[in-house]
**Q** 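Let me begin by handing over the structure; questions about it come next.
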Amino acid sequence: MSWAVRQIYPEPADLDDRELAARYSHPDQGGGAPYWLRANMVTSLDGAATVGGRSGGLSGGADQQVFAMLRALADVILVGAGTARVEGYRPVRPRYEGVRWAWLRAGRLPSPPIAVVTRRLDLDLESPLLAGSPDHARTIVITTEAAPPVRRVQVAATADVIVAGRGHRRILTEGGPYLLSQIIEAGLLDDLCLTVSPVLAGPGADRIVAGMGPLRAPTGVDARRLSLVHVLADDGHLLCRYVRPAVG
Ligand SMILES: NC(=O)c1ccc[n+]([C@@H]2O[C@H](COP(=O)([O-])OP(=O)(O)OC[C@H]3O[C@@H](n4cnc5c(N)ncnc54)[C@H](OP(=O)(O)O)[C@@H]3O)[C@@H](O)[C@H]2O)c1
């Protein structure tokens with residue numbers, strides 16, 4: 001299936017599906033780095049991560065296709081419990097959202113699991129995310145030793161509860177802002193796919209990174225610099241990919 005999206009940086013080009021996927025290929029494919037942690041986020045022109053409390057109002061056609069493609073490329077999708085609760089997260093549905101990108105999963109299971117990060121384990125045990133995940137991609141709940149023990153047992157009935165990672169190499173986080181802030185602060189972010197939506201949201205919403213003090217760069221400057229890899233444009237949306245300078 002061919003679906004052209006316009007690249008405007010580094011040089012103008014119309015990209016078909018294979019060329020588009022190549023723009024987002026992981027450097028660890030075929031061996032190399034132990035893992036690659038990519039974030040996929042969307043922002044309004046004035047920096048808001050949500051409109052009306054959710055990110056959906058910022059999305060567009062190409063953004064949704066790249067969202068699905070990045071899921072197809074990933075081994076696991078890491079999401080904060082806040083986002084899972086607010087956005088009503090469900091297991092990835094390969095037959096619907098991944099149909100165009102099924103070829104990207106050749107040799108792997110049809111869809112990646114969702115891994116929810118939570119301290120409190122305040123998750124709806126009856127929700128599709130916990131009660132309805134497929135056997136090949138059972139939802140993972142990543143928690144801490146401090147989580148309520150009774151709750152841990154209850155959640156373990158429908159999901160795989162773990163305290164640490166389990167060897168997934170291509171990690172895609174879809175936020176939210178509080179989880180992303182900790183990933184950045186820990187120096188773990190390799191890759192940021194950021195869609196800039198042609199929307200002014202006004203005051204009140206978090207930015208895509210929230211809930212902590214200034215970011216300390218090695219130079220002592222209160223910011224971290226990333227390298228721009230490409231910019232795609234579709235219907236007023238700009239789909240930008242940035243990576244750590246060292247791997248740019
Ligand atoms: N614009 C975008 O691209 C985008 C993307 C995603 C989400 N969003 C928006 O962001 C909002 C939700 O994000 P959020 O920042 O409030 O929440 P979040 O980052 O999705 O999740 C925060 C929660 O994750 C758990 N958590 C975070 N760090 C943890 C750690 N180190 N150890 C254990 N658990 C940890 C805690 O869950 P417990 O409370 O269960 O302990 C915490 O309350 C929603 O409005 C959503 O629409 C926007």
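In listed order, ligands and their atoms are each counted from 1. Atoms considered below: every heavy atom in the structure, side chains included; atoms not considered: hydrogens, waters and symmetry mates.
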**Q** Indicate, as side chain, backbone, both or neither, the part of Arg85 found under 4.0 angstrom from ligand 1 when only non-hydrogen atoms are considered.
**A**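 Just the side chain.
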**Q** With no hydrogens and no angle check, is any side-chain donor or acceptor of Gln65 less than 3.5 Å from a backbone partner on Gly61?
**A** no
**Q** Checking the side chain of Thr143 only, and the main-chain atoms of Thr118 only, is there a donor and an acceptor separated by less than 3.5 Å?
**A**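 Side chain of Thr143 to backbone of Thr118, a donor-acceptor pair under 3.5 Å: yes, one is there.
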**Q** Among all protein heavy atoms in this structure, tell me which lies nearest to atom 9 (C) of ligand 1, with the distance rounded to 0.1 Å.
**A**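 Here the nearest protein heavy atom works out to Thr50 CG2, 3.5 Å.
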**Q** Could you find the nearest protein heavy atom to atom 25 (C) of ligand 1 and give me its residue, atom name and distance?
**A** Val117 O, 3.1 Å
**Q** Examine distances only and state if a side-chain atom of Thr158 and a backbone atom of Ala131 form a donor-acceptor pair shorter than 3.5 Å.
**A** no
**Q** Using a strict 4.0 Å cut-off to heavy atoms of Gly176, name the atoms of ligand 1 that fall inside it.
**A**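 Those of ligand 1 that fall under 4.0 Å from Gly176 are 6 (C), 7 (C), 13 (O), 15 (O), 18 (P), 19 (O), 20 (O).
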**Q** Can a donor-acceptor pair be found, under 3.5 Å and without considering hydrogens, that links the side chain of Glu87 to the backbone of Ser55?
**A**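 A pair under 3.5 Å: yes.
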**Q** In terms of residue, atom name and distance, what is the protein heavy atom nearest to atom 17 (O) of ligand 1?
**A**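 Protein heavy atom at minimum distance: Gly82 CA, 3.6 Å.
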**Q** Based purely on interatomic distance, does Val86 place a nitrogen or oxygen under 3.5 Å from a nitrogen or oxygen of ligand 1?
**A** no
**Q** Taking Asp46 for the side chain and Ala201 for the main chain, is one N or O donor matched with an acceptor at less than 3.5 Å?
**A** yes
**Q** For the CD atom on Glu126, are there more than 12 heavy atoms of other groups (residues, nucleotides or ligands in this structure) within a distance under 6.0 Å?
**A**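 No, because the 6.0 Å sphere around CD of Glu126 holds 12 heavy atoms or fewer from other groups.
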**Q** Which atoms of ligand 1 have any heavy atom of Gly80 under 4.0 Å away?
**A** 18 (P), 20 (O), 21 (O), 24 (O)
**Q** Could you list the residues that satisfy side chain to side chain contact (heavy atoms under 4.5 Å, CB included) with Ile8, not counting sequence neighbours?
**A** Arg6, Val231, Ala233, Leu238
**Q** Considering non-hydrogen atoms of the protein only, which is the closest contact for atom 10 (O) of ligand 1, and what is the distance?
**A** Pro177 CD, 3.1 Å
**Q** Should Arg120 be counted as touching ligand 1, given the test is an N or O pair under 3.5 Å?
**A** yes
**Q** Measure the spacing between CD1 of Ile140 and OG of Ser133 and express it to the nearest 0.5 Å.
**A** 9.5 Å
**Q** Atom 20 (O) of ligand 1: which protein heavy atom is closest, and how many Å away?
**A**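 Ranking protein heavy atoms by distance from atom 20 (O) of ligand 1, first comes Thr83 OG1, 2.6 Å.
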**Q** Which is it for Val243 and Trp36 under the side-chain contact (heavy atoms from CB on, under 4.5 Å) test, yes or no, and what are the steps along the way?
**A** CA-CA 11 Å; Val243 295; Trp36 183 256; 4.1 Å; yes
**Q** Please list, in number order, the atoms of ligand 1 under 4.0 Å from a heavy atom of Glu174.
**A**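 This gives 5 (C), 6 (C) as the contact atoms.
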**Q** What are the atoms of ligand 1, with element, lying closer than 4.0 Å to any heavy atom of Leu179?
**A** 19 (O)
**Q** Considering only non-hydrogen protein atoms, determine which one is nearest to atom 27 (C) of ligand 1 and report residue, atom name and distance to 0.1 Å.
**A**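 Of the protein heavy atoms, Gln182 NE2, 3.5 Å lies nearest.
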**Q** Below 4.0 angstrom, N of the basic side chain to O of the carboxylate: do Asp75 and Arg169 qualify?
**A**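 Result for this pair is no, no salt bridge flagged.
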**Q** Nearest to atom 40 (O) of ligand 1, what protein heavy atom do you find, and at what distance?
**A** Thr118 OG1, 2.6 Å
**Q** Taking only heavy atoms of Met41, which atoms of ligand 1 are found under 4.0 Å from at least one of them?
**A**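 Going through ligand 1 atom by atom, the ones under 4.0 Å from Met41 are 2 (C), 3 (O), 4 (C), 5 (C).
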**Q** So, does Gly53 sit close enough to ligand 1 that a heavy atom of it is under 4.0 Å from the ligand?
**A**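 Gly53 counts as a contact of ligand 1 under the 4.0 Å cut-off.
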**Q** Checking the side chain of Arg105 only, and the main-chain atoms of Pro110 only, is there a donor and an acceptor separated by less than 3.5 Å?
**A** yes
**Q** Counting only non-hydrogen atoms of the protein, does one fall under 4.0 Å from atom 6 (C) of ligand 1?
**A**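 Yes, at least one protein heavy atom sits under 4.0 Å from atom 6 (C) of ligand 1.
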**Q** What atoms of ligand 1 come closer than 4.0 angstrom to any heavy atom of Glu87?
**A**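 Under 4.0 Å from Glu87, ligand 1 has these atoms: 46 (C), 47 (O).
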**Q** With respect to Tyr178, determine whether any N or O atom, backbone or side chain, lies less than 3.5 Å from an N or O atom of ligand 1.
**A**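 Tyr178 vs ligand 1: N/O contact under 3.5 Å present.
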**Q** Run the numbers for me: atoms of ligand 1, each under 4.0 Å from some heavy atom of Ser55, listed by number.
**A**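 Answer for ligand 1: 1 (N), 2 (C), 4 (C), 47 (O), 48 (C).
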**Q** Looking at Ala49, which atoms of ligand 1 are within less than 4.0 Å of one of its heavy atoms?
**A**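 Near Ala49, meaning under 4.0 Å from one of its heavy atoms, ligand 1 has 1 (N), 2 (C), 48 (C).
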**Q** Checking side-chain contact (heavy atoms from CB on, under 4.5 Å) for the pair Asp122/Arg85: CA distance, chi angles, key distance, verdict?
**A** CA-CA 9 Å; Asp122 180 17; Arg85 286 189 286 258; 3.8 Å; yes
**Q** Nearest 0.5 Å, what's the CD1-OG1 distance between Ile114 and Thr83?
**A** 11.0 Å
**Q** For atom 33 (C) of ligand 1, what is the closest protein heavy atom, and at what distance to 0.1 Å?
**A**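 Looking at atom 33 (C) of ligand 1, the protein heavy atom closest to it is Arg119 CG, 3.3 Å.
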**Q** Any idea which of Ala48, Ala81, Ala39 brings a heavy atom closest to atom 24 (O) of ligand 1?
**A**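 Checking each option, the heavy atom nearest atom 24 (O) of ligand 1 is found in Ala81.
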**Q** Can you check whether Ala74's main-chain N or O pairs, donor with acceptor, with Arg38's side chain at less than 3.5 Å?
**A** no
